[in-house]
Amino acid sequence: MRKLAIATAAALTALTAFCAWGAWVYEGEWGKNGRGPGEFRNAEGVIVAPTSVIYVADGANCRIQYFTPAGSYLGEWGAPGSNNGEFEYAHDVAVTSNLRFYVVDYGGHRIQYFTGSGSFLGKWGYEGPGNGMFNFPRGIAVAPGDNIYVTDTYNVRVQYFTPAGSFLGKWTYADFDMPYKL
């Protein structure tokens with residue numbers, strides 16, 4: 001019984017130390033509901049680039065906005081009518097080691113990619129069930145080596161591609177239930 005009490009006391013001490021170390025401190029926020037610079041309508045995906053710039057997929061505003069670490073607005077791309085890509089619904093964003101930014105265009109059933117300042121570089125995909133096609137993709141991630149992984153939600157799979165969009169393969173699994181984010 002004494003060993004159990006000592007082990008329990010040691011575990012509680014370790015847990016208390018962990019909780020004290022892991023305490024979160026509120027440091028601030030930015031943005032509000034709206035359509036203007038720095039405002040959001042369904043902020044879906046957020047990444048921090050190696051440059052410390054923060055990129056937000058602003059879904060219903062059909063754009064990517066980017067900010068300083070303190071939340072100061074720096075710019076945007078992809079809004080309808082712009083010359084640098086156009087989204088039907090920007091759902092998620094990812095960045096490669098060479099600072100290419102990949103955006104899931106959920107409503108457009110495709111992936112688009114850009115420079116960090118929003119210069120359009122290319123796109124791939126369209127609606128359908130075949131390899132390299134999408135049915136409302138939602139999540140995106142970059143693996144070591146910069147291959148791109150995309151959750152193809154209604155086709156119930158994850159597809160992966162080269163950075164230029166060439167199809168490499170897919171994962172399907174009977175227990176997937178509409179994969180959402182990676």
Would you check if [X] and [Y] make a side-chain contact, meaning some heavy-atom pair closer than 4.5 Å?
X    : Y    : value
R41  : N33  : yes
Y89  : N42  : yes
F101 : Y55  : yes
V48  : V53  : no
I148 : W124 : yes
I111 : V150 : yes
I64  : V56  : no
I54  : W30  : yes

Connecting only ILVMFWY residues whose side-chain heavy atoms lie within less than 4.5 Å of each other, what is the rest of V25's hydrophobic cluster?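 Its cluster mates, by chain and number: none.
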Under 3.5 Å, side-chain donor or acceptor atoms of residues 156-168 against the rest of the protein: list the pairs with distances, not counting sequence neighbours.
from: R157; atom 1: NE; to: D152; atom 2: OD2; distance (Å): 2.7
from: R157; atom 1: NH1; to: P129; atom 2: O; distance (Å): 3.0
from: R157; atom 1: NH2; to: P129; atom 2: O; distance (Å): 3.2
from: R157; atom 1: NH2; to: G130; atom 2: O; distance (Å): 2.8
from: R157; atom 1: NH2; to: M133; atom 2: O; distance (Å): 3.0
from: R157; atom 1: NH2; to: D152; atom 2: OD2; distance (Å): 3.0
from: Q159; atom 1: OE1; to: G132; atom 2: N; distance (Å): 2.7
from: Q159; atom 1: NE2; to: M133; atom 2: O; distance (Å): 2.7
from: Q159; atom 1: NE2; to: D152; atom 2: OD2; distance (Å): 3.1
from: T162; atom 1: OG1; to: A164; atom 2: N; distance (Å): 3.4
from: T162; atom 1: OG1; to: G165; atom 2: N; distance (Å): 3.4
from: T162; atom 1: OG1; to: S166; atom 2: N; distance (Å): 3.0

Testing the basics here: between [X] and [Y], what is the closest heavy-atom pair and its distance to 0.1 Å?
X    : Y    : value
S97  : D146 : OG-OD2, 2.8 Å
E86  : D105 : O-OD2, 3.7 Å
P137 : F134 : CD-CB, 3.6 Å
R63  : G36  : NH2-O, 2.9 Å

Quick check against the 3.5 Å criterion: does [X] have a side-chain atom that pairs as donor or acceptor with the backbone of [Y]?
X   : Y    : result
N61 : G34  : yes
E88 : C62  : no
D92 : I140 : yes
H91 : R138 : yes

Please enumerate all residues that pass salt bridge (Lys or Arg N to Asp or Glu O under 4.0 Å) together with R100, with sequence neighbours excluded.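 So R100 forms no salt bridge (Lys or Arg N to Asp or Glu O under 4.0 Å) with any residue.
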My understanding is that only residues two or more places apart in sequence, or in another chain, count here; which of them pass salt bridge (Lys or Arg N to Asp or Glu O under 4.0 Å) with E127?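 Checked E127 against salt bridge (Lys or Arg N to Asp or Glu O under 4.0 Å); zero matches.
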Applying side-chain hydrogen bond (donor to acceptor under 3.5 Å, both in side chains), can you list everything that pairs with R35, at least two apart in sequence or on another chain?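 With sequence neighbours excluded, R35 shows a side-chain hydrogen bond (donor to acceptor under 3.5 Å, both in side chains) to no residue whatsoever.
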With sequence neighbours excluded, tell me which residues meet side-chain hydrogen bond (donor to acceptor under 3.5 Å, both in side chains) with T115.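 Applying side-chain hydrogen bond (donor to acceptor under 3.5 Å, both in side chains) to T115 gives S117.
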What about F120 and F114, are their ring centers closer than 6.0 Å?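 For F120 and F114, the ring centres are under 6.0 Å apart.
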Determine whether the aromatic ring centres of residues Y66 and W77 are separated by less than 6.0 angstrom.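 W77 vs Y66: aromatic centres under 6.0 Å.
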Donor-acceptor pair between Y126 and R110 side chains, under 3.5 angstrom: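 Per modelled atom types, Y126 and R110 side chains form no pair under 3.5 Å.
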Are side-chain N/O atoms of E44 and Y106 paired as donor and acceptor at under 3.5 Å?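 There is no such pair (donor and acceptor under 3.5 Å, judged by atom type) between the side chains of E44 and Y106.
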Kindly determine whether F87 and V103 satisfy side-chain contact (heavy atoms from CB on, under 4.5 Å), including the steps that lead there. CA-CA 9 Å; F87 306 118; V103 179; 3.5 Å; yes
So how far is it from Y149 OH to W171 CH2, rounded to the nearest 0.5 Å?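 The CH2 atom of W171 is 5.5 Å from OH of Y149, to the nearest 0.5 Å.
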Is L99 reachable from L74 through a run of hydrophobic residues whose side-chain heavy atoms are each under 4.5 Å from the next?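 Yes, because L74 and L99 connect within a single hydrophobic cluster, where side-chain heavy atoms sit under 4.5 Å apart.
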